[in-house]
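Residue numbering restarts at 1 for every chain, and letters A, B, ... go by the order of the sequence lines.
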Amino acid sequence: MTDKEKKNFYCLDMFPYPSGSGLHVGHPRGYTATDVYTRFKKLQGYNVIHPMGWDAFGLPAENYAIKNKIHPSKVVEENVAHFKDQLNKFDLNYDWDREVNTTDPKYYRWTQFIFLKLFERGLAYESETPINFCPSCKTGLANEEVVGGKCERCGTAVERKNIRQWILKITEYADRLLEDLDGLDWPEPIKEMQKNWIGRSEGSNIVFDIKDSKDRIEVYTTRADTLYGCTWVVLAPEHQLVNKLKVESENQEEIDEYIQKSKNKSDLERTELQKEKTGVELKGIKAINPINGQEVAVWVADYVLGHYGTGAVMAVPAHDERDFEFAKKYNIEIIPSVVKSTGNYRSYLMGAEDISDQDLEKLDIIIVQKPESDVRKIEIPKDSIAKYEELITEKLSVGFWNEYVGEKIIFIFKHKDGQVERLEYKNENIDRINKLSAEFTNDTSGKTIIEDWLGEGADGYYQDYLLSTDYGILINSEEFDGLSSVDAKKKITEKLKESGHGDFTVNYKLRDWVFSRQRYWGEPIPIVHCEKCGIIAVSEKDLPVLLPHVEKYEPTGDGTSPLSNESDPAIAAWLNTTCPKCGGSAKRETNTMPQWAGSCWYYIAYLMKQGSDYVWERDKIDPWLPVDLYVGGAEHAVLHLLYSRFWHKVLYDEKLVGSIEPFQKLISVGTILGIDGVKMSKSRGNVIDPDPLIEKFGSDPLKMYELYIGPFSQPAKWSQNGIVGMHRFLQKVEKISDAEISSSNDKNLVPINKAIKKVTEDIESFSFNTAISTLIETFDLISTNSWDKPSAEIFLTLLSPFAPKMVEQVSQKIGMQMSVWPEFDSKFIADDKVTIAIQINGKVRDQIEIAIDELEQKVKELVLEREKIKSWILEAKIKKFIYIPGKIISIVV
RNA sequence: GGGCAAGUGGCGGAACUGGUAUACGCGUAGGUCUCAAAAACCUAUGGCCGUAAGGUCUUGUGGGUUCGAUUCCCACCUUGCCCACCA
């Protein structure tokens with residue numbers, strides 16, 4: 001069936017989940033697109049594979065089965081038959097001999113086989129840490145299946161639950177999954193979503209010793225440059241050290257209570273609601289900032305996540321919004337250590353009656369605002385700062401001070417006796433600055449100057465500079481003062497590394513994949529539990545491990561699988577087995593695989609299909625991979641598309657496939673919405689059934705309308721009237737066969753060649769809507785010219801991918817054979833004469849037909865001779881004459 | 001809150017790297033055919049002024065760059081999608 005001389009093209013649709021409600025008009029949009037595209041590619045001479053199959057394991061079939069007391073296998077069988085029947089009505093060119101079904105034991109034998117490979121490589125492991133659990137679906141969920149704290153499938157708030165489960169180490173492939181995205185021809189937003197999901201971040205681990213103890217707290221930060229601004233450290237409530245430290249602290253009860261409380265919070269409460277931050281200090285425990293030896297408090301707070309980084313963070317309220325909020329609430333000191341670098345300094349100028357606005361302007365100083373007559377908010381360029389200081393030193397009134405804030409913070413105090421004291425805001429000067437400022441203002445509140453700036457009364461003028469999460473220039477950071485954030489991150493971490501208190505590190509948001517489900521309708525995990533040997537893989541020759549046919553398969557909800565219910569004899573017979581290693585008695589793994597397992601490799605299964613069997617042969621697989629074009633919904637951006645990339649890379653490492661990625665080019669299909677503009681769903685009652693439409697108009701007009709409705713990747717509202725237009729058009733085309741067709745007509749050469757070019761480009765770029773517009777226009781044009789045989793044959797070929805049924809009928813009638821996709825002749829594309837517009841002062845006033853290669857001088861003459869142009873220009877002088885050949889003439893008067 | 005995408009007639013939408021905005025389709029109006037209706041076909045169809053010729057305004061809002069902006073830049077408004085305490 002494949003021709004060695006031709007190039008291969010593998011075009012793949014995301015295979016559907018055969019739901020009970022059947023197809024609605026939204027489903028075939030993607031299928032129609034690949035149908036058009038593959039017919040086009042075949043005419044261009046490619047070997048094309050375009051298969052279809054069924055992703056049939058999973059909850060919907062099982063839930064439906066439970067509700068209606070029909071076995072899931074039966075449900076699936078009926079649904080598949082119904083889906084296939086509906087699809088066939090669309091006349092799509094699928095390779096049905098490659099049809100796959102994930103629930104076929106011959107199929108899932110290989111799904112289990114791949115699991116064994118994962119297991120052998122140590123990429124599948126058993127664990128009993130807390131995971132996401134959906135109380136309604138009664139099963140554990142992967143991180144990717146939790147959307148905003150809710151189950152992706154049913155919308156129930158997920159709980160944290162400790163259950164035994166199988167986990168796949170997808171994190172081991174995080175870097176490769178990230179890096180290889182660059183080579184893929186995928187929509188940018190989808191790549192971006194995967195990048196964000198993997199969430200690589202480069203930072204530093206920093207070790208805080210605990211005072212009078214051997215324990216140390218290791219924190220993860222991406223902002224080591226802000227270390228001097230750290231005023232406390234925070235442990236997540238789950239952090240192991242909490243249990244130890246709480247005993248040594250003065251308020252153990254309070255801490256216990258807090259931990260208990262946050263344990264009871266669901267993920268939704270802890271994150272989604274963005275509640276006010278809470279926490280408890282470990283009183284009496286002090287951590288030591290390794291960069292400067294400062295003692296800082298230690299807190300437990302559940303705004304820190306236990307599973308990310310080290311489960312502990314350093315809090316820098318000046319340069320982190322969460323820490324800032326927390327510091328405000330619990331009244332913790334805020335120390336700025338990075339200042340935004342704009343190149344300017346800011347100052348409030350007071351006590352400077354002798355300094356005029358002109359004095360300042362001479363130094364290029366900007367007076368931002370004059371809130372009161374004796375106060376000026378000013379911005380001083382870096383270059384003027386020395387002169388500004390001179391001015392202040394000379395003219396500031398006694399008993400006042402001036403400070404300016406930028407890459408440094410400088411205070412200039414003018415004492416009563418006229419003596420000037422200049423102090424930089426640095427550790428050794430801070431006490432002195434606070435003392436003087438309090439004295440000068442007779443302030444007895446004991447507030448520090450920084451508190452004053454950042455407090456309630458402040459207007460944010462300095463805060464913009466001092467309390468920013470942006471990168472900037474370090475201040476208040478000893479030897480690192482003046483460095484940029486980027487340099488300082490490096491230098492500070494390097495210094496910490498010398499004393500064993502820190503190092504560079506990388507973290508990912510991506511978490512390992514919770515792979516087991518406590519449900520019946522899935523692939524059994526091919527593992528046995530032997531009392532003597534422990535966890536043992538089923539040997540490959542014993543695959544598949546068949547899913548036993550049982551009558552009762554309701555989920556238990558207690559974290560065990562329905563397949564562990566030994567009171568059912570059918571289950572007991574399956575469950576009790578022998579250990580492949582020692583031959584002793586053993587029990588089968590009762591968890592099943594998640595819905596995603598079967599879809600992780602189905603694109604390979606199509607290539608393996610031989611009759612009803614699947615055979616893994618590299619020479620049958622490699623010539624087709626990676627998939628050349630994959631079309632499906634964007635909703636799978638981080639689930640299916642990430643999981644199958646992971647599996648594919650493992651298969652590559654196993655030398656079972658030859659490519660590093662499964663899907664080279666991806667195009668996402670926009671959802672078709674109901675007439676009311678919302679997603680079609682049974683419960684809303686806005687579902688449009690395609691069957692009656694096909695009956696009334698036929699498959700061609702419906703398919704064409706699916707593509708004509710709008711840009712392919714954008715969502716589109718269904719309109720019941722739209723098909724009529726396509727139907728009318730096709731009816732007109734059908735009449736070609738009745739009309740007089742001449743043997744040739746030169747007038748048609750230009751339009752038909754232009755059509756070849758445009759339609760070819762548009763199909764190639766999935767711009768089907770404009771391809772169809774072009775076909776309609778071309779048809780109308782040639783119909784007025786009258787048809788000739790060559791044009792009719794080309795036109796019908798161009799139309800054939802869109803309306804295969806109709807075109808076939810017509811071509812038989814007029815006795816043509818369609819074989820190859822036409823190529824345009826460029827000599828008929830470029831016209832020798834063009835009509836272009838003449839603009840006067842930017843407004844179109846006239847049109848002129850001229851030769852495409854006419855010289856500018858001649859064009860100018862022709863244009864200025866025209867009565868219409870004369871009447872617009874009148875006596876005015878022509879300032880400019882612009883001529884862009886083939887585009888426009890623009891006259892400015 | 002952050003990221004991304006998008007705002008064009010009554011509606012779906014078109015417009016290449018800045019060059020005649022509203023292609024194509026739907027709908028609507030008038031007409032042809034018909035005893036009548038449906039279907040089909042033909043004509044017209046962005047708003048305003050005008051009998052007309054023609055003029056004038058118009059691509060979410062407000063600015064800017066340009067001979068010229070739906071397209072580029074800035075600010076704002078609206079909608080959709082994704083992520084959401086990831087330190």
Expected rows: protein N/O vs nucleotides 37-46 of chain B N/O, under 3.5 Å:
from  : atom 1 : to       : atom 2 : distance (Å)
B/A40 : OP1    : A/Arg728 : NE     : 3.2

Worksheet item: Between A/Met704 (CE) and B/C26 (P), how many Å, whole number?
Response: 12 Å

Discussion item. Pick the closest RNA chain B nucleotide for A/Lys509 and for A/Val638 by heavy atoms, then say which residue is nearer the 5' end.
Written reply: A/Val638

Fill in: Whole angstrom value for the distance that separates P of B/G25 from CG of A/Leu707
17 Å

Item to complete: Starting at atom CD1 of A/Ile772, determine the distance to atom P of B/C26, rounded to an integer number of angstrom.
Response: 13 Å

Worksheet item: Do any side-chain nitrogens or oxygens of A/Ser201 fall under 4.0 Å of OP1 or OP2 in B/A87?
Response: yes

Item to complete: With a 3.5 angstrom cut-off on both distances, give the Watson-Crick or G-U wobble partner of B/U32, or none if there isn't one.
Response: B/A40

Worksheet entry | A/Arg845 vs B/U56: side-chain N/O to OP1/OP2 distance below 4.0 Å | yes

Discussion item. Regarding A/Thr770 and A/Asp762, do their side chains bring together a donor and an acceptor under 3.5 Å, going by distance alone?
Written reply: yes

Every protein N/O lying under 3.5 Å from an N/O of nucleotides 6-13 of chain B:
from  : atom 1 : to       : atom 2 : distance (Å)
B/G12 : O2'    : A/Ile709 : O      : 2.5

Worksheet item: According to the Watson-Crick and G-U wobble definitions, with both distances under 3.5 Å, which nucleotide is paired to B/A23?
Response: none

Response to the item:
A/Glu145 CD to B/C83 P, in whole Å, measures 13 Å

Practice prompt. Kindly say whether the aromatic ring centers of A/Phe768 and A/Phe766 come within a distance under 6.0 Å.
Written response: yes

Item to complete: Please lay out, stage by stage, how A/Tyr508 and A/Asp175 fare under the test side-chain hydrogen bond (donor to acceptor under 3.5 Å, both in side chains).
Response: CA-CA 9 Å; A/Tyr508 299 91; A/Asp175 260 327; 2.8 Å; yes

Worksheet item: Considering every strand shown, what is the Watson-Crick or G-U wobble mate of B/C72 when both distances are under 3.5 Å?
Response: B/G64

Worksheet item: How long is the line joining NZ of A/Lys191 and C1' of B/C82, in whole Å?
Response: 17 Å

Discussion item. Does A/Val892 reach a base, just sugar-phosphate, or nothing at all? Heavy atoms under 4.0 Å.
Written reply: sugar-phosphate

Discussion item. Measure NZ/A/Lys679 against P/B/G80 and give the value in whole Å, please.
Written reply: 15 Å

Discussion item. Using a 4.0 Å heavy-atom cut-off, does A/Ser890 contact any base of the nucleic acid, only the sugar-phosphate backbone, or nothing at all?
Written reply: base

Worksheet entry | Span that lies between the P atom of B/A52 and that of B/G62, in whole angstrom | 31 Å

Discussion item. Regarding A/Trp596 and A/Glu145, do their side chains bring together a donor and an acceptor under 3.5 Å, going by distance alone?
Written reply: yes

Discussion item. Rounding to an integer number of angstrom, what distance separates B/C72 and B/C24 when you compare their C1' atoms?
Written reply: 28 Å

Worksheet entry | Salt-bridge criterion met for A/Glu706 and A/Arg29 (N-O under 4.0 Å) | no

Item to complete: Check whether the ring centres of A/Trp718 and A/Tyr705 lie less than 6.0 Å apart, and answer yes or no.
Response: yes

Item to complete: Write down the partner of B/C85 under the Watson-Crick or G-U wobble criteria, each distance required to be under 3.5 Å.
Response: none

Worksheet item: Which value, in whole Å, describes the distance between the C1' atoms of nucleotides B/A44 and B/G10?
Response: 16 Å

Response to the item:
Between A/Lys758 and A/Ser773, whichever has its closest RNA chain B nucleotide further toward 5' is A/Lys758

Fill in: Quiz item: A/Gln839 side-chain donor-acceptor pair to B/G19 base, under 3.5 Å
yes

Worksheet item: For B/A87, does either OP1 or OP2 sit under 4.0 Å from a side-chain N or O belonging to A/Tyr308?
Response: yes

Item to complete: Measure the distance from CD1 on A/Ile889 to P on B/G68 and round it to the nearest whole Å.
Response: 17 Å

Worksheet item: Does B/C4 have a Watson-Crick or wobble mate here (both distances under 3.5 Å), and if so which one?
Response: B/G80

Discussion item. I'd like to know whether the aromatic ring centres of A/Trp232 and A/Tyr330 sit less than 6.0 Å apart in this structure.
Written reply: no

Worksheet item: Separation of A/Trp186 atom CH2 from B/A5 atom C1', in whole Å?
Response: 19 Å

